[in-house]
Amino acid sequence: MKLYTVCKSCKNEIKIKSNASTRPDLQMERGDEFNINCHNCGITEKKHINDIKAQESNLIMLIGIGVGILATIILWMYFGAIGTISLTIPLIFWQQQMKAVKSFNSYTIRRK
């Protein structure tokens, strides 16, 4: 899951570097409001924690696909056609990403 916000002046996405999986975790890490610097236009603006959005990470999906293909090949050699069940591994990674994004975006912090 990757976190981002949108710059008010140039409308480009600004990536937030954080390992927080929920909005309260991000709030504990950064506070209710924090300054963000846009790398495109150079403007520093104050963003509230509710202005941060989550999006699925393509890197996690690629890792899931790679693990699924590798597990399928190995299991196919030992167990035959039953090894194709391991093709569900990317679906499990995708489902986990979707739940994390939905959970992050649906929960908001009360503004003070």
Looking at [X] and [Y], what are the two nearest heavy atoms and their distance?
X	Y	result
Pro24	Tyr107	CG-CE2, 3.4 Å
Cys38	Cys10	SG-SG, 3.5 Å
Leu3	Ala20	CD1-O, 4.2 Å

Interatomic distance, [X] atom [atom1] to [Y] atom [atom2] [nearest 0.5 angstrom]:
X	Y	atom1	atom2	value
Ile36	Ile14	CD1	CD1	6.5 Å
Ile16	Phe34	CD1	CZ	5.0 Å
Ile65	Leu91	CD1	CG	9.5 Å

Other residues, nucleotides and ligands only: do more than 12 of their heavy atoms fall within 6.0 Å of CG on Asn19?
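12 or below, so no.
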
Using the test side-chain contact (heavy atoms from CB on, under 4.5 Å), find all partners of [X] that sit at least two apart in sequence or belong to another chain.
X	answer
Ile74	Leu70, Tyr78
Ile43	Ser9, Cys41
Ile60	Ser57, Phe93, Gln97
Glu13	Tyr4, Gln55

Worksheet entry | Same apolar cluster: Met1 and Val67, side chain cutoff 4.5 Å |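 Looking at the clustering, Val67 is in a separate group from Met1.
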
Please confirm whether the backbone N or O of Lys99 pairs with a side-chain atom of Ser103, one donor and one acceptor, at under 3.5 Å?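 No, Ser103 side chain to Lys99 backbone: no donor-acceptor pair under 3.5 Å.
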
Using atom types as modelled, flag every donor-acceptor pair under 3.5 Å from a side chain in residues 44-54 to any protein atom, sequence neighbours excluded.
from  : atom 1 : to     : atom 2 : distance (Å)
Glu45 : OE1    : Lys47  : NZ     : 3.4
Glu45 : OE2    : Lys8   : N      : 3.3
Lys47 : NZ     : Val6   : O      : 2.7
His48 : ND1    : Asn50  : N      : 3.1
Asn50 : OD1    : Ile109 : N      : 2.8
Asn50 : ND2    : Ile109 : O      : 2.6
Asp51 : OD1    : Arg111 : NH2    : 3.2
Asp51 : OD2    : His48  : N      : 3.3

Here the salt bridge (charged side-chain N to carboxylate O under 4.0 Å, His left out) pairs for residues 21-32, sequence neighbours left out, are Asp32-Lys112

